[in-house]
Amino acid sequence: MSEPLPSIAQRLRNLNERQLDAVKKIDGPLLVLAGAGSGKTSVITTKIAYLIQTCGFKANSIIAVTFTNKAAREMKERVVGMLSKQESRGLSISTFHNLGLRILRKEFRRAGLKEGFTLFDAQDSLSLVKEILDKEFNGQMDAAAYCQNTISNWKNDLTTPQEAMTNADTEEFLLAAQVYVQYQRYLRAYNAVDFDDLILLPVSLLMADEELRDRWQKKVRYLLVDECQDTNASQYELIRLLAGFRRCFTLVGDDDQSIYAWRGARPENLERLSVDYPNLKLVKLEQNYRSTKIILKAANTLIANNPHIYDKALWSDHEEGEPIRIMVTRNEDAESERVAAEIQSRHLRHEIPYRDFAILYRGNHQARLLEIKLQAYRIPYKMNGGTSFFSRAEIKVLMGYLRLLVNPSDDNAFLRIVNVPRREIGPATLEKVGNLASERGVSRLEAAGYKALEESITGRSLKSLQDFERWMLTLRQRLESGASPVPVIEQMIHDMDYYGWIQEQTSSNKAGDRRIENVRFLLDSIQRMMESAWEEDENAGLDQAISKLLLIDMLERQEEEEDEDKVQLLTLHASKGLEYPHVFLIGCEEELLPHRNSIENDDIEEERRLAYVGITRAKKTLCITLAAKRRQYGEEIDCMPSRFLDELPEEDLVWEGRGDEGESAKKERGQASLSALKAMLNS
DNA sequence: CAGGCTTTTGTTTTT
DNA sequence: CAAAAGCCTG
């Protein structure tokens with residue numbers, strides 16, 4: 001009993017006039033300025049369906065890019081729901097980084113990479129920078145983070161190591177530039193790329209190689225980009241290169257929601273677009289379908305304090321809604337407590353499901369206290385962006401093994417795991433291996449098998465080192481002779497008694513079981529990934545599965561599968577693109593919401609946009625909290641209310657806990673804690 | 001070489 | 001006040 005899918009004509013009827021303009025413009029460059037909650041996702045998804053069903057585009061000739069996996073997945077789900085299986089085959093909706101990876105997997109040889117190259121995450125690249133500083137610059141270790149950051153910025157700006165060297169005009173820049181040169185050399189030697197390379201390398205390839213550029217430009221007939229105010233210089237260049245002479249694309253963005261300038265995003269790209277493409281068509285989406293009038297007005301009033309590239313006037317025909325509550329509490333403890341009590345009481349009194357609440361905050365550490373209080377009230381919650389799946393020790397170690405298995409040149413992985421679990425291979429031994437490796441110009445793993453080591457390394461260490469090398473070799477040979485990867489991995493796990501080691505490392509059996517489950521989950525995901533790659537007819541290899549998995553937030557995926565009714569905890573950054581009926585925005589204080597560093601750097605505008613993003617997540621109610629005192633570094637600090645509170649329309653705010661609240665608010669609060677108390681007794 | 005202990009360091013935001 | 005890094009002993 002399959003319901004007939006709504007026809008594309010019906011879907012188009014659900015759009016407003018502006019949205020329809022945006023969908024129907026298909027023959028040239030288009031920029032859609034989409035205010036918060038103006039239905040831009042509908043525009044993008046409907047447009048993809050329209051391109052395929054009405055305009056006869058093949059799904060595999062359309063590329064859509066977003067910034068987060070969550071957004072990409074959601075979008076793909078919606079589009080696939082509109083199309084038949086036939087029609088949606090080969091449709092590519094992914095993040096920028098996934099797209100770059102896909103290009104690189106096809107063209108890696110031209111970028112000087114070998115089969116099975118690995119993807120370095122932020123931690124890997126930091127330890128690589130440290131290694132370089134240690135070896136080549138006699139240990140200016142304190143500069144590591146700075147160098148890493150500077151190098152990343154250069155890459156995002158398409159600055160080559162040579163250019164960085166030439167332009168370095170301070171001591172710091174010079175050091176960073178020198179490290180940059182070495183860093184790229186080491187990366188290639190390790191047969192590895194970092195996150196930024198996923199964009200940078202495809203861009204350089206497309207620029208340098210005409211044949212390759214031609215091929216990709218022929219392949220990509222239409223391009224759609226979401227959140228394009230967040231594109232950095234290299235991503236913008238990638239768009240231009242892929243769009244090519246055809247110049248057919250839809251970019252969607254909102255300069256008021258640009259909150260990633262700190263990692264190289266260039267909201268000016270929106271402006272530059274009309275220079276680079278003089279016949280650019282501009283469509284503004286200004287009707288907000290998400291929030292109440294009061295919430296929208298507050299957001300508009302706040303953001304009016306920022307300068308604008310394009311003027312926008314968001315309006316809504318929803319009802320006025322409730323005023324915005326501002327809760328002032330004694331300290332951060334009371335703040336979390338009040339939020340938890342409030343949620344529990346509203347859940348019980350109005351039967352609002354937990355999933356309708358979101359708590360937003362500036363920094364991840366703020367979630368700690370919340371977790372404690374929510375647990376105390378037995379409120380189920382889901383934290384987004386906490387410890388990522390891949391930073392869990394048991395996963396990190398196993399990933400190290402997998403990387404080394406796939407890419408024996410990956411010295412970083414080698415160093416991370418040779419002695420985990422303990423094999424009595426310590427720093428002294430490893431140094432000798434390292435020396436030999438650089439002497440002979442081979443990887444550390446390969447050097448570990450060399451006879452020459454027998455002179456400098458003694459008994460036990462030598463033996464376990466050689467055993468290790470031979471063991472890895474055997475496993476790799478099995479993989480190369482076409483064995484299916486997961487059984488090989490299972491063999492490996494068995495050989496080193498990995499599960500036993502995990503249990504040993506873990507205080508309680510229960511926690512150990514949980515960790516083993518995580519490992520199993522990783523194996524499952526690899527298996528699934530291999531199967532789906534097979535279906536898509538890509539040449540499926542373990543290396544591809546691994547780097548794809550690294551780009552996906554698995555934690556998210558894991559929990560998405562359960563149909564959960566949980567309060568959502570997220571950072572303001574992570575909340576972009578999402579919406580919730582009831583939003584709590586906590587920690588609205590000077591030095592925290594305009595963050596201290598941003599105040600110092602005079603970077604208030606981006607902080608204001610961050611607050612704007614937070615406010616515009618709310619559909620029905622918004623509650624902003626702040627504490628009078630807060631613990632910091634052990635001592636109690638007096639907090640000032642955020643300047644952004646002064647920029648909200650006063651007539652729509654209701655203050656609580658400031659000493660001048662009305663009787664009704666006090667009564668409400670009493671009731672809130674009473675209900676919460678009952679809830680605790682019941683459970 | 002490993003594990004436990006003391007000292008020191010430090011808090012944006014993330015693909 | 002916490003986590004991480006460094007120090008020292010078995």
Side-chain angles (χ1 to χ4, degrees), chain A residues 65-72 94-101 119-123 125 130 141-142 144-145 148-149 152 155-156 193-200 227 230-232 234-235 238 257-265 332-333 360-369 384-388 390-391 419-430 458-461 464 504-505 547-556 570-576 587 589 591-601 603 606-607 609-611 613-614 630-637:
Chain A
V65 239
T66 66
F67 274 83
T68 63
N69 295 298
K70 205 188 286 173
S94 67
T95 62
F96 263 104
H97 294 267
N98 252 310
L99 174 64
L101 179 66
L119 176 61
F120 272 21
D121 63 19
Q123 270 187 44
S125 75
K130 280 182 181 161
M141 295 310 228
D142 47 332
Q148 184 194 23
N149 202 20
S152 172
K155 287 190 169 187
N156 288 332
V193 298
D194 65 15
F195 276 107
D196 302 319
D197 282 339
L198 289 180
I199 316 293
L200 180 66
E227 310 278 13
D230 289 334
T231 53
N232 60 36
S234 69
Q235 287 159 338
L238 185 62
Q257 293 184 67
S258 159
I259 53 176
Y260 286 104
W262 55 272
R263 64 167 204 209
E332 83 263 53
D333 220 64
L360 310 181
Y361 38 81
R362 175 70 232 259
N364 279 309
H365 60 280
Q366 291 174 265
R368 259 182 147 34
L369 258 179
N384 196 310
T387 342
S388 130
F390 288 100
S391 52
N419 204 31
V420 184
R422 299 275 111 86
R423 289 193 182 86
E424 301 182 295
I425 302 171
T429 312
L430 287 177
T458 49
R460 283 218 306 239
S461 298
S464 51
E504 224 172 82
Q505 293 290 304
S547 44
K548 266 192 187 164
L549 284 174
L550 260 181
L551 285 176
I552 297 176
D553 201 325
M554 299 233 304
L555 196 64
E556 203 178 289
L570 359 93
T571 63
L572 286 165
H573 283 88
S575 75
K576 191 161 67 140
E589 296 141 33
E591 314 247 299
L592 198 59
L593 188 38
H595 191 272
R596 198 210 269 122
N597 298 348
S598 303
I599 296 174
E600 275 167 26
N601 306 329
D603 234 2
E606 182 145 315
E607 297 290 308
R609 288 193 290 267
L610 209 43
V613 166
R630 196 173 283 274
R631 275 220 170 88
Q632 223 165 294
Y633 294 112
E635 234 27 57
E636 264 201 338
I637 305 288

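Lettering of chains follows the sequences in order, A, B, ..., and the numbering in each one begins at 1.
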Output the single nucleotide from [options] whose closest atom is nearest the side chain of [X].
{"X": "A:T429", "options": "B:dC1, B:dT11, B:dG3", "result": "B:dC1"}
{"X": "A:F195", "options": "B:dT13, B:dG3, B:dT15", "result": "B:dT15"}
{"X": "A:T95", "options": "B:dC1, B:dT13, B:dT15", "result": "B:dT15"}
{"X": "A:R368", "options": "B:dC1, C:dA2, B:dT15", "result": "C:dA2"}

Self-check item: Partner nucleotide of C:dG10 by Watson-Crick or wobble geometry (both distances under 3.5 Å)
Solution: B:dC1

Practice problem: Tell me the partner of C:dA3, counting only Watson-Crick (N1-N3 plus N6-O4 or O6-N4) or G-U wobble (N1-O2 and O6-N3) with both under 3.5 Å; none if nothing fits. | Solution: B:dT8

Quiz item: Between A:W262 and A:I425, which has a closest nucleotide on DNA chain B that is more 5'?
Solution: A:I425

Self-check item: Which residue lies more 5' along DNA chain B, comparing A:H573 with A:N419 via nearest heavy atoms
Solution: A:N419

Enter the distance from [X]:[atom1] to [Y]:[atom2] here, rounded to the nearest 0.5 Å.
{"X": "A:N149", "Y": "A:R263", "atom1": "CG", "atom2": "CZ", "value": "12.5 Å"}
{"X": "A:I199", "Y": "A:K155", "atom1": "CD1", "atom2": "NZ", "value": "11.5 Å"}
{"X": "A:D197", "Y": "A:L101", "atom1": "CG", "atom2": "CG", "value": "11.5 Å"}
{"X": "A:L198", "Y": "A:Q235", "atom1": "CG", "atom2": "CD", "value": "10.5 Å"}

Whole-Å gap separating [atom2] ([N]) and [atom1] ([X]):
{"X": "A:L593", "N": "B:dT13", "atom1": "CG", "atom2": "P", "result": "13 Å"}
{"X": "A:Y260", "N": "B:dT15", "atom1": "OH", "atom2": "C1'", "result": "9 Å"}
{"X": "A:N149", "N": "B:dT13", "atom1": "CG", "atom2": "P", "result": "14 Å"}
{"X": "A:Y361", "N": "B:dT11", "atom1": "OH", "atom2": "P", "result": "18 Å"}
{"X": "A:H595", "N": "B:dT13", "atom1": "NE2", "atom2": "P", "result": "7 Å"}
{"X": "A:D194", "N": "B:dT15", "atom1": "CG", "atom2": "C1'", "result": "11 Å"}
{"X": "A:I637", "N": "B:dG10", "atom1": "CD1", "atom2": "P", "result": "17 Å"}
{"X": "A:E227", "N": "B:dT13", "atom1": "CD", "atom2": "C1'", "result": "15 Å"}

Quiz item: Under 4.0 Å between a side-chain N or O of A:N364 and OP1 or OP2 of B:dT13?
Solution: yes

Practice problem: Establish, with yes or no, whether the OP1 or OP2 oxygen of B:dT14 is under 4.0 angstrom from a side-chain nitrogen or oxygen of A:T68. | Solution: no

Practice problem: For A:R596, answer base if it contacts any base atom (sugar-phosphate contacts may also be present), sugar-phosphate if it contacts only those atoms, and nothing otherwise; contact means non-hydrogen atoms under 4.0 Å. | Solution: nothing

Self-check item: A:S464 side chain vs A:R460 backbone, donor-acceptor pair below 3.5 Å
Solution: yes

